[in-house]
Protein chains: 2
Amino acid sequence: MVSAPLDTIERPSAAKERLRLWIRLLRASRLIEGELRERLKRDFDSTLPRFDVLAALYRQPDGMLMSDLSRFLLVSNGNVTGIIERLVKDGLVSRAAREGDRRASIVKLTATGERRFTEMAAAHETWIEEFLGDVSRSDAERLSATLKTFRSNWEDGH
Amino acid sequence: MVSAPLDTIERPSAAKERLRLWIRLLRASRLIEGELRERLKRDFDSTLPRFDVLAALYRQPDGMLMSDLSRFLLVSNGNVTGIIERLVKDGLVSRAAREGDRRASIVKLTATGERRFTEMAAAHETWIEEFLGDVSRSDAERLSATLKTFRSNWEDGH
DNA sequence: CTGCAATATTTCAACCTTGAAATTTCATGC
DNA sequence: GCATGAAATTTCAAGGTTGAAATATTGCAG
């Protein structure tokens, strides 16, 4: 037993590789998020959290509960309260008590909100294409699959 | 010319694939960030932004300027001001005017800060291994390489 | 019915974040 | 010397974020 396993000598451990991955993942998201934030502000006088809420509601024409939204977006309840408040004030979202349950509110896009969102979504798509256009289709598929697996495993255990 | 190109019929366009990639990237970072935030709070009564600053300073024993920090961490100047304020109050970071230039402050870890950071960093590594342990070494390497390429291309153009 | 746990949301303090304006200090051309 | 622009940082308002405590409503066991 003179030598350690090859893995620990000849290249970074798998753990180090995963740590490096996390750091790059974080930096990439921050770069992209920062750029998106800037453009949403510039072109639509809006924000990323608002965009996320609109996107979630767009997929659910029958509306969502506040708690549905916070679960789906991975943010706290109190957070959603504030964001919805502003979207309602801007006329992009409507809010009504759920039939027969005055605790729950059902939140929907208004017609204006829907129109506004489709504009934002179109711009968003071209921006992402601008940012990630250099990633080949096969890389995108592989990466995407890895991240999906990660998330499934994660959510099963938590 | 009866049929469109195969790409557009048989599977999502490369652009859609990249959009999907972005969404998964974002969700993965948020899941991990959320979990890290929770544990840093629970075990060290600290936060992710503070951890990031300590990590940056740990790599630069001679200290950094406020502006170095904000550039490296991809956050605004004003942001760094507040975080450093709290770290100084907690005794983890020291601050002094740069020799011969009273505009600039050089920020360093204190001995306490260095000790504290190494504890946090050790925990951080085991957490990341817990989160990403299911990602194989080769997947980690591939993903990491793709993200690195993306970032290089990005930073060249901006 | 009535009390009490569960559910849905809001409130609040503390912190993070940005971008723009203000402040302080430095460097340089005249 | 000195104005004046550049550089480094701070300040500030507006918004995003969390987690814990408070509020309001519902459902249900007895």
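Letters go in sequence order (proteins before strands), and every chain restarts at 1. Below, each value reflects all heavy atoms present in this structure, side chains not excepted, and no hydrogens, waters or symmetry copies.
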Open item on the list: Please tell me if B:N77 has a side-chain N or O lying less than 4.0 Å from either OP1 or OP2 of D:dT9.
Closed with: no
Task: Among C:dT17, C:dT25, D:dT17, the nucleotide that comes nearest once only the side chain of A:N79 is considered - done: D:dT17
- [ ] Assign A:L74 to base, sugar-phosphate, or nothing according to its heavy-atom contacts below 4.0 angstrom with the strands shown.
- [x] sugar-phosphate
Open item on the list: Both A:R71 and A:G82 contact DNA chain C. Taking the nearest nucleotide for each, which residue is further toward the 5' end?
Closed with: A:R71
- [ ] Send over the distance from A:I84 CD1 to C:dT9 P, rounded to a whole Å.
- [x] 10 Å
TODO: Round to a whole Å and report the spacing from CZ of A:R50 to P of D:dA14.
DONE: 13 Å
Open item on the list: Assess whether a salt bridge exists between B:R39 and B:E35, defined as any Lys/Arg side-chain N lying under 4.0 Å from an Asp/Glu carboxylate O.
Closed with: yes
Task: Given DNA chain D, 5'-ward residue of the pair A:G100 and B:K41, judged by closest heavy atom - done: B:K41
Open item on the list: Side-chain N or O of B:T81 versus OP1/OP2 of D:dT11: is the shortest distance under 4.0 Å?
Closed with: no
Open item on the list: By nearest atom, which of the nucleotides D:dT25, C:dT25, D:dT11 is closest to the B:R102 side chain?
Closed with: C:dT25
Open item on the list: Is it the case that D:dT9 (base atoms only) and B:R103 (side chain only) share a donor and an acceptor within less than 3.5 Å, ignoring hydrogens and angles?
Closed with: no
Open item on the list: Output the rounded distance in Å from CE (B:M66) to P (D:dT11).
Closed with: 10 Å
- [ ] Is it possible for you to say whether A:F51 and A:F44 belong to one hydrophobic cluster, with membership spreading through side-chain heavy-atom contacts below 4.5 Å?
- [x] yes
Open item on the list: From CD of B:E85 over to P of D:dT9, roughly how many Å is that when rounded to an integer?
Closed with: 14 Å
- [ ] Verify the neighbour count for atom OH of A:Y58: are there more than 12 heavy atoms of other residues, nucleotides or ligands below 6.0 Å?
- [x] no
Open item on the list: Can you tell me if A:S105 touches the phosphate of C:dA8, counting only side-chain N or O atoms and a distance under 4.0 Å to OP1 or OP2?
Closed with: no
Task: Nucleotide nearest A:T47 (side chain, heavy atoms from C-beta), chosen from D:dT9, D:dG15, C:dT9 - done: D:dG15
TODO: Indicate, with a heavy-atom threshold strictly under 4.0 Å, whether B:S76 touches base, sugar-phosphate, or nothing.
DONE: base
Open item on the list: A side-chain contact here means heavy atoms from C-beta on lying under 4.5 Å apart; do B:L19 and A:L132 qualify?
Closed with: no
- [ ] Quickly work out the A:L48 CG to C:dT18 C1' distance and round it to whole Å.
- [x] 13 Å
Task: d(CD1, A:I106; P, C:dA8) in whole Å - done: 12 Å
Open item on the list: Can you identify which nucleotide, out of C:dA8, D:dA8, D:dT17, has its nearest atom closest to the B:S67 side chain?
Closed with: D:dA8
Open item on the list: From CG of A:L65 over to P of D:dT25, roughly how many Å is that when rounded to an integer?
Closed with: 16 Å
Open item on the list: With a 4.0 Å cut-off on N to O distance, would you call B:K89 and B:E85 a salt bridge?
Closed with: no
TODO: Check the distance between D:dT17's P and B:E38's CD and give it to me in whole angstrom.
DONE: 17 Å
